[in-house]
Amino acid sequence: MSDDQSKQEERAAVAAKAAATDPAADAAADEGAERSLPEQARVRREKLAKLQAAGKDPFAIVKYDQTHHSVEIKEGFESLDGREVSIAGRMMSFRDIGKASFIDVQDRDGRIQVYAKAENMGEEPYAALKTYDLGDIIGVKGKVFKTRRGEISVEVSEVTLLAKALEPLPEKFHGLKDTEVRYRRRYLDLVMNRDTMDTFRKRTRIISSIREYLDGRDFIEVETPILSTIASGAAARPFTTKSNALNLQLHLRIATELYLKRCIVGGMERVYDMGKNFRNEGIDIRHNPEFTMIELYQAYADYNDMMELCENLVANAAVKATGSTKVTYQGTEIEFKAPWRRLTMIDAVKTYGGPDFANVKTDEEARKLATELGLEDELKKKLKDCTKGDILNAAFEKFAEEHLVQPTFILDYPTDISPLTKQKPGDPTMTERFEGFVYGREICNAYSELNDPIVQRDRFAQQAKERELGDDEAYPFDEDFCSSLEVGMPPTGGMGIGIDRIVMFLTDAYSIRDVILFPTMKPTE
RNA sequence: GAGCCGCUAGCUCAGUCGGUAGAGCAACGCCCUUUUAAGGCGUGGGUCGCCGGUUCGAACCCGGCGCGGCUCACCA
C-alpha cells in the first residue's frame, strides 16, 4: 500500500517537473514516445500530467456517490424537479456558450444534459471543467430542472473528473461504423452505438428469462466439463488442447449431452447446462467458433414434452426481451406464440415439392431417387454409402428448410443420422426427434433419449463405421457414457437450443457477431 | 477454401485524366449565461493497410501479402 503511495508521489513529481518547463522545451525533450502520438492523444496526456502535477489526479479517486441514473431522472422528473442528485458517466458532447456550457453525460441507461455556469459553481472549477475532454468520465452534483426548450437537465453545483480519456472518441454524429473496429474494440461500439448496448442488455434478459423459466419448473442448473478426452454428443470437429499436468491431449466440448444424461442416470431428474460450446468449423454470419448453447434433460418426458417446453420457453423469452411474442426479423414478422406448427420430415419434403418418402422402401430405391433429383451435392458421403435416411435428410434440406420461416417443428428424423435418439415405436428406421426452424434456420434439436445401452453401443459402432468412410464428424465412442446407461437411465426427453440464434431473432441481428460481445477475430498482426 | 467489395486525419467520408491530399465532426486559440448535430472567427493535424513493380512522377495503374465485410462452399 505504501508502495503504491510512493509510486504515486513519484509520478506526480515527474509530472510536476514536466508541466513546469515551458511547452516548447518540453516537446523537444519529449521526443520519442510522446511525439509519435496523434495530436489529440498528446494533448490529453499533457492535460492529465498537469492535473497530476496539481495534485488532482483523477485516477487517484476510488469511488463516487452515484445517486441516480439518467433514465430515473427523466422518468421521475415530476418528483425530482428542484432536488439535488449526483450522476456519473461519460462526457459525450460539450456545448460551450461562454460563461455557461451544456454537457451530455452518458451512463448505462442513456444520456442526460448537464448545465454548468460559472456563476453557480465558481470561476475556477468552471475553468477546470472547460479543459475536460469528450470521453472523460465525470461525476456531477446538482439540481434537477428543465430548460426553456424543455430538456430535463442537471444544473451543476460540483463536477468531479473521475477518469481521463487519453484517446478521443469516434465522431459524435456518425458514431463508430467500421465493422472491424466495432467487433475488435467492442467497448467503443458500446459507448458510441446505443443499439449495441440495447442488444446486449436484451441478450442478458433472454438468458435470465430462460433460467427463471426452467428453475420455476424444477430444473437444476449444473456445470459439465468443457475439457475432456472425448468430445462427443454432436457432429462437429472439436478444438484440441493439452494438459501439462496430465501430459494428455484434451478436447473442448462440442456438446454437453453425454454428461447431462449421466446426471439423469444419477437421479437429478431435471437438469440443464447453459454455456459455451466450441466447434472447430467455418465462421460466417451464423457460426462463431465458441457459442452459447443450453441443453436440458427431463426424466419421464418425451419429445412431445420437449416441443411444449421449447415453444413456451422461447415465447416467454421473446416477451421478456421485446414485450411481445411477435417480432420483426430482417423485415419479416415472426410469431413465436405457442403452439408452433408441427410437420414430419417426410411430410415437409412432400409439402414443398419433393418426393413422398413414405413410398420409398429400400436404400436402393432412395439412391435412385437421389440421382434423379440431383441430390448428390447435398450428400456428405458417396452416394453408394448413403442410406434412405441420409437421402431423406438431404431432400429435406433441399426442398423444405428454406420455407420454414414461421416457427416450425420438424418431427421424426431418420435413425441413421440420430445416434443418440430412441426409435419410433413400430418403425426402427425413424426416431422420436425434432428440430425447430425459424426463418429457415435451425434453432433447436431435441429427442426422446435413447436409453437402451445395448442399442446405444450398436449406434456408436455404426458411427465408427461412418468415420472409416471418411466422416470425421461422426460421434466418437464414449465408454463411460455407455456404462452409465447400463446403470439405468429413465425414459427422458432432452433438448439443445442455440442461444445466440434465439438472441439474433429477438434483437433483429443480421450476424451472430452482433450478439456476441467479443466474437472470434484473427489478430491484426 | 473460392469469388466480389473495402482499407485515405482520432471518427464519418470525398479525392476527376497518374502531377506529393480535402470536407464535416473532433482538437488547439479567441467571442458568446438556456444550448442540444449550438453558432461565429482563426490554427494545427496524413507511413493514403503493408511490400514490390511500372513511370520523370503513384492514394490512383500492375503484382504479391495482411485484415475485414458479403456471397458461395463447408457446417448445426
Side-chain angles (χ1 to χ4, degrees), chain A residues 23 35-44 46-47 91-104 111-121 123 126 130-131 133-135 145-153 155-156 165-185 188-189 191-193 233-237 254-255 277 279-289 291 293 377-378 380 393 397 401 417 435-437 440-445 471-473 496-501 510-514 519-525:
Chain A
R35 191 154 171 206
S36 64
L37 284 171
E39 181 198 14
Q40 299 191 48
R42 204 171 57 236
V43 167
R44 285 163 185 249
E46 284 161 11
K47 285 182 181 177
M91 278 186 14
M92 298 302 290
S93 77
F94 199 109
R95 294 179 292 282
D96 176 3
I97 54 164
K99 292 277 184 294
S101 296
F102 292 91
I103 303 156
D104 291 335
R111 293 184 187 186
I112 188 151
Q113 177 171 274
V114 164
Y115 176 57
K117 59 177 173 178
E119 195 182 307
N120 286 9
M121 55 188 296
E123 293 288 346
Y126 182 69
K130 280 198 176 190
T131 68
D133 292 298
L134 297 188
F145 80 111
K146 202 180 260 185
T147 64
R148 267 179 220 161
R149 299 279 183 92
E151 178 91 18
I152 294 167
S153 309
E155 188 167 3
V156 178
L166 296 180
E167 195 186 319
L169 289 177
E171 200 235 9
K172 65 180 173 185
F173 187 63
H174 295 94
L176 179 66
K177 286 189 170 171
D178 188 307
T179 340
E180 183 173 356
V181 179
R182 290 208 300 117
Y183 295 152
R184 286 190 195 278
R185 308 186 70 194
L188 282 177
D189 188 25
V191 168
M192 298 309 299
N193 298 318
R237 282 186 292 271
I254 58 171
N277 281 352
R279 297 189 182 176
N280 206 343
E281 283 164 1
I283 300 175
D284 61 30
I285 54 165
R286 270 162 278 167
H287 301 267
N288 195 63
F291 62 101
M293 171 99 119
D377 293 345
E378 318 273 330
K380 285 161 198 164
N393 189 49
E397 283 170 12
E401 204 166 34
I417 58 167
E435 292 189 355
F437 289 86
R441 298 177 189 172
E442 182 207 333
I443 59 160
C444 68
N445 181 16
D471 181 0
D472 53 4
E473 293 183 356
I497 303 175
I499 297 297
D500 309 279
R501 290 191 180 174
Y510 179 69
S511 168
I512 194 168
R513 292 189 198 91
D514 295 322
T520 306
M521 302 284 278
K522 263 195 181 183
T524 332
E525 277 163 50

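Here is how names work: the chains are called A, B, and so on, in the same order as the sequence lines, proteins then strands, and each is numbered from 1. No hydrogens, no waters, no symmetry mates; every other heavy atom, side chains included, goes into these values. This one's a predicted model, so the numbers in the text were calculated from it and none came from an experiment.
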Enquirer: Identify whether any heavy atom of A:Glu119 sits under 4.0 Å from a base atom; if not, whether one sits that close to sugar-phosphate; answer base, sugar-phosphate or nothing.
Expert: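 Since a base atom lies under 4.0 Å of A:Glu119, the category is base.
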
Enquirer: Under 4.0 Å between any heavy atoms, over every strand shown, what does A:Glu281 touch: base, sugar-phosphate, or nothing? Just pick one.
Expert: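 Answer is sugar-phosphate: A:Glu281 comes under 4.0 Å of backbone atoms only.
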
Enquirer: Could you give the CZ-to-C1' distance, from A:Arg149 to B:A37, as a whole number of Å?
Expert: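 So the CZ-C1' distance, A:Arg149 to B:A37, works out to 14 Å.
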
Enquirer: Whole angstroms only, please: what is the CG-C1' distance between A:Asp189 and B:G68?
Expert: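 Rounded to whole Å, this separation is 15 Å.
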
Enquirer: Identify whether any heavy atom of A:Ile97 sits under 4.0 Å from a base atom; if not, whether one sits that close to sugar-phosphate; answer base, sugar-phosphate or nothing.
Expert: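 The residue A:Ile97 makes base contact.
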
Enquirer: Hey, which sits more toward the 5' end of RNA chain B by its nearest nucleotide, A:Pro168 or A:Arg44?
Expert: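 Its nearest nucleotide lies further toward 5', so the answer is A:Pro168.
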
Enquirer: Can you tell me if the side-chain N/O atoms of A:Arg513 get under 4.0 Å from OP1 or OP2 in B:C70?
Expert: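 Checking A:Arg513 against B:C70: at least one side-chain N or O falls below 4.0 Å of OP1 or OP2.
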
Enquirer: Under the side-chain hydrogen bond (donor to acceptor under 3.5 Å, both in side chains) test, which residues partner A:Asn445, sequence neighbours left out?
Expert: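 Partners of A:Asn445 under the side-chain hydrogen bond (donor to acceptor under 3.5 Å, both in side chains) test: A:Arg433.
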
Enquirer: Assign A:Ile443 to base, sugar-phosphate, or nothing according to its heavy-atom contacts below 4.0 angstrom with the strands shown.
Expert: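 If one applies the 4.0 Å heavy-atom cut-off, A:Ile443 turns out to touch nothing in the nucleic acid.
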
Enquirer: Taking only side-chain nitrogens and oxygens of A:Lys172, does any of them come within less than 4.0 Å of OP1 or OP2 of B:C25?
Expert: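 No, no such contact exists.
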
Enquirer: Find the distance A:Ile283:CD1 to B:A73:P and express it as a whole number of Å.
Expert: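 Going from CD1 in A:Ile283 over to P in B:A73 covers 18 Å.
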
Enquirer: If we check ring-ring contact (aromatic ring centres under 6.0 Å, His included) with A:Tyr115, which of these qualifies: A:Phe102, A:Phe94, A:Tyr126?
Expert: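 Among the candidates, only A:Phe102 passes.
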
Enquirer: How about A:Leu176 and A:Val181: do any of their side-chain heavy atoms sit closer than 4.5 Å?
Expert: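 A side-chain contact under 4.5 Å exists here.
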
Enquirer: Within less than 4.0 Å of OP1 or OP2 of B:A37, is there a side-chain N or O belonging to A:Arg95?
Expert: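 Checking B:A37 against A:Arg95, no side-chain N or O comes under 4.0 Å of OP1 or OP2.
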
Enquirer: Donor-acceptor pair under 3.5 Å: do we get one between A:Gln113's side chain and the base of B:U35?
Expert: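 For A:Gln113, whose side chain was compared with the base of B:U35, there is a donor-acceptor pair (under 3.5 Å).
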
Enquirer: Measuring only the P atom in each nucleotide, how far is B:G49 from B:C11? A whole number of Å is fine.
Expert: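 Comparing P positions in B:G49 and B:C11 gives a spacing of 13 Å.
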
Enquirer: With side chain to side chain contact (heavy atoms under 4.5 Å, CB included) as the test, pick out the partner of A:Arg279 among A:Arg237, A:His287, A:Met293.
Expert: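 When side chain to side chain contact (heavy atoms under 4.5 Å, CB included) is applied between A:Arg279 and each of A:Arg237, A:His287, A:Met293, only A:Met293 qualifies.
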
Enquirer: Determine the contact category for A:Ala234: base if any of its heavy atoms lies under 4.0 Å from a base atom, sugar-phosphate if only primed atoms, P, OP1 or OP2 are that close, otherwise nothing.
Expert: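 No contact.
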
Enquirer: Heavy atoms only, 4.0 Å cut-off, all strands: where does A:Arg279 land among base, sugar-phosphate and nothing?
Expert: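 Answer is sugar-phosphate: A:Arg279 comes under 4.0 Å of backbone atoms only.
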
Enquirer: Evaluate the side-chain proximity of A:Arg286 to A:Arg501: yes if any heavy-atom separation is below 4.5 Å, no if none is.
Expert: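 Yes. Closest side-chain heavy atoms under 4.5 Å.
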
Enquirer: Partner lookup for B:C4, please. Criteria are Watson-Crick or G-U wobble with both distances under 3.5 angstrom; report none if nothing qualifies.
Expert: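 Check on B:C4: paired to B:G69, both distances under 3.5 Å.
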
Enquirer: Scan A:Arg182 against the nucleic acid and name what it touches under 4.0 Å (heavy atoms): base, sugar-phosphate only, or nothing.
Expert: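 Nothing, no heavy atom under 4.0 Å.
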
Enquirer: Going by side-chain hydrogen bond (donor to acceptor under 3.5 Å, both in side chains), name the residues that satisfy it together with A:Arg184, two or more places apart in sequence or in a different chain.
Expert: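 In terms of side-chain hydrogen bond (donor to acceptor under 3.5 Å, both in side chains), with neighbours along the sequence ignored, A:Arg184 is linked to A:Glu180.
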
Enquirer: Could you pull out all residues at least two apart from A:Asp500 that satisfy side-chain hydrogen bond (donor to acceptor under 3.5 Å, both in side chains)?
Expert: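 side-chain hydrogen bond (donor to acceptor under 3.5 Å, both in side chains) list for A:Asp500, sorted by chain: A:Arg203.
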
Enquirer: Could you state the CD1-P distance from A:Ile112 to B:U35, rounded to the nearest angstrom?
Expert: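 From A:Ile112 CD1 to B:U35 P: 17 Å.
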
Enquirer: With heavy atoms under 4.0 Å as the rule, sort A:Arg184 into base, sugar-phosphate or nothing.
Expert: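 Since only primed, P, OP1 and OP2 atoms lie under 4.0 Å of A:Arg184, the category is sugar-phosphate.
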
Enquirer: Any strand counts, and the cut-off is 3.5 Å on both contacts for Watson-Crick or G-U wobble. Which nucleotide pairs with B:A9?
Expert: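 The answer is none; no pair meets the criterion.
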
Enquirer: Where the side chain of A:Thr179 is concerned, which of B:U34, B:G69, B:C28 is the nearest nucleotide?
Expert: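 In terms of side-chain proximity for A:Thr179, the closest of B:U34, B:G69, B:C28 is B:G69.
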
Enquirer: For atom P, what is the distance between B:C4 and B:A9, given to the nearest Å?
Expert: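 So the two P atoms sit 26 Å from each other.
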
Enquirer: Atom CD1 of A:Ile103 and atom C1' of B:U33: how far apart are they, to the nearest Å?
Expert: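 For the pair A:Ile103 CD1 and B:U33 C1', the rounded distance is 14 Å.
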
Enquirer: Determine which nucleotide pairs with B:U54, using a 3.5 Å limit on both distances of a Watson-Crick or G-U wobble pair.
Expert: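 For B:U54, the partner nucleotide comes out as none, under the 3.5 Å rule.
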
Enquirer: To the nearest 0.5 Å, what is the distance between CE on A:Met91 and CG on A:Leu169?
Expert: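 One finds 9.5 Å between CE of A:Met91 and CG of A:Leu169.
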
Enquirer: Indicate, with a heavy-atom threshold strictly under 4.0 Å, whether A:Asp284 touches base, sugar-phosphate, or nothing.
Expert: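 Answer is base: heavy atoms of A:Asp284 come under 4.0 Å of a base.
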
Enquirer: Under a 3.5 Å threshold, yes or no: a donor from one side chain and an acceptor from the other, between A:Arg95 and A:Gln113?
Expert: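 Judged by distance alone, the side chains do pair up.
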
Enquirer: Between A:His287 and A:Ser511, which has a closest nucleotide on RNA chain B that is more 5'?
Expert: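 Its nearest nucleotide lies further toward 5', so the answer is A:Ser511.
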
Enquirer: Among the candidates B:A27, B:C74, B:G44, find the nucleotide nearest to the side-chain atoms of A:Glu39.
Expert: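 Of the options given, the side chain of A:Glu39 lies nearest B:G44.
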
Enquirer: Give the nucleotide from the list B:U34, B:U33, B:G10 with an atom nearest to the side chain of A:Pro38.
Expert: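 The answer is B:G10.
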
Enquirer: Under the salt bridge (charged side-chain N to carboxylate O under 4.0 Å, His left out) rule, collect the residues that match up with A:Glu167, sequence neighbours excluded.
Expert: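 Testing A:Glu167 for salt bridge (charged side-chain N to carboxylate O under 4.0 Å, His left out), a comparison that skips the adjacent residues, returns A:Arg185.
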
Enquirer: Under 4.0 angstrom, heavy atoms only, what part of the nucleic acid is A:Lys47 near: base, sugar-phosphate, or nothing?
Expert: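 The answer is sugar-phosphate, as A:Lys47 gets under 4.0 Å only of primed atoms, P, OP1 or OP2.
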
Enquirer: Take atom C1' in B:A58 and the same atom in B:C48, then report the distance between them in whole Å.
Expert: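 Rounded to whole Å, the distance is 11 Å.
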
Enquirer: Any strand counts, and the cut-off is 3.5 Å on both contacts for Watson-Crick or G-U wobble. Which nucleotide pairs with B:A21?
Expert: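 Its partner is none (no Watson-Crick or G-U wobble pair with both distances under 3.5 Å).
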
Enquirer: Does any donor-acceptor pair link the side chain of A:Ser93 with the base of B:U36 at a separation under 3.5 Å?
Expert: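 Side chain to base: no pair below 3.5 Å.
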
Enquirer: Which whole-number value in Å describes the distance from A:Glu167 CD to B:A27 P?
Expert: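 Computing the A:Glu167:CD to B:A27:P distance gives 14 Å.
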
Enquirer: Among B:U33, B:U35, B:U71, find the nucleotide with the atom closest to the side chain of A:Ser153.
Expert: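 Among the listed nucleotides, the one closest to the side chain of A:Ser153 is B:U35.
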
Enquirer: With C1' as the reference atom in both, quote the distance from B:U34 to B:A59 in angstrom, rounded to an integer.
Expert: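 B:U34 and B:A59 have their C1' atoms separated by 46 Å.
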
Enquirer: Got A:Leu134 and A:Met92 here, is their nearest side-chain heavy-atom distance under 4.5 Å?
Expert: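 A:Leu134 does not reach A:Met92 side chain to side chain.
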
Enquirer: Which nucleotide in the list B:U34, B:G10, B:U71 gets nearest to the side chain of A:Gln40?
Expert: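 It is B:G10.
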
Enquirer: Looking across every strand, which nucleic acid part, if any, lies under 4.0 Å from A:Phe145 by heavy atom: base, sugar-phosphate, or nothing?
Expert: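 Since a base atom lies under 4.0 Å of A:Phe145, the category is base.
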
Enquirer: Using only side-chain N and O atoms of A:Tyr510, determine if any of them is under 4.0 Å from OP1 or OP2 of B:U71.
Expert: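 It does, given that an N or O in the side chain of A:Tyr510 lies less than 4.0 Å from OP1 or OP2 of B:U71.
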
Enquirer: Any base atoms under 4.0 Å from A:Lys522, or only sugar-phosphate, or nothing? Heavy atoms, all strands.
Expert: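 Sugar-phosphate contact only.
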
Enquirer: When the distance from NZ of A:Lys130 to P of B:G29 is rounded to whole Å, what number comes out?
Expert: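 My rounded result for the distance is 11 Å.
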
Enquirer: Using whole Å, what does the distance between atom C1' of nucleotide B:C74 and atom CG of A:Asn280 come to?
Expert: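 Rounded to whole Å, this separation is 13 Å.
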
Enquirer: Report the base-pairing partner of B:G45 (Watson-Crick or G-U wobble, both distances below 3.5 angstrom), or none.
Expert: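 Result: none.
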
Enquirer: Considering every strand shown, what is the Watson-Crick or G-U wobble mate of B:U33 when both distances are under 3.5 Å?
Expert: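 B:U33 is unpaired by these criteria.
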
Enquirer: Show the distances under 3.5 angstrom between N or O atoms of the protein and N or O atoms of nucleotides 11-13 of chain B.
Expert:
{"from": "B:C11", "atom 1": "O2'", "to": "A:Glu171", "atom 2": "N", "distance (Å)": "3.1"}
{"from": "B:C11", "atom 1": "O2'", "to": "A:Gly175", "atom 2": "O", "distance (Å)": "2.9"}
{"from": "B:U12", "atom 1": "OP1", "to": "A:Lys177", "atom 2": "N", "distance (Å)": "3.1"}
{"from": "B:U12", "atom 1": "OP1", "to": "A:Asp178", "atom 2": "N", "distance (Å)": "3.0"}

Enquirer: Picking from B:A37, B:G68, B:U34, which would you name as closest to the side chain of A:Met521?
Expert: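 Out of B:A37, B:G68, B:U34, the nucleotide with an atom closest to A:Met521's side chain is B:G68.
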
Enquirer: Does A:Lys130 have any salt bridge (charged side-chain N to carboxylate O under 4.0 Å, His left out) partners at least two apart in sequence or in another chain, and if so, which?
Expert: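 Checked A:Lys130 against salt bridge (charged side-chain N to carboxylate O under 4.0 Å, His left out); matches are A:Asp96.
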
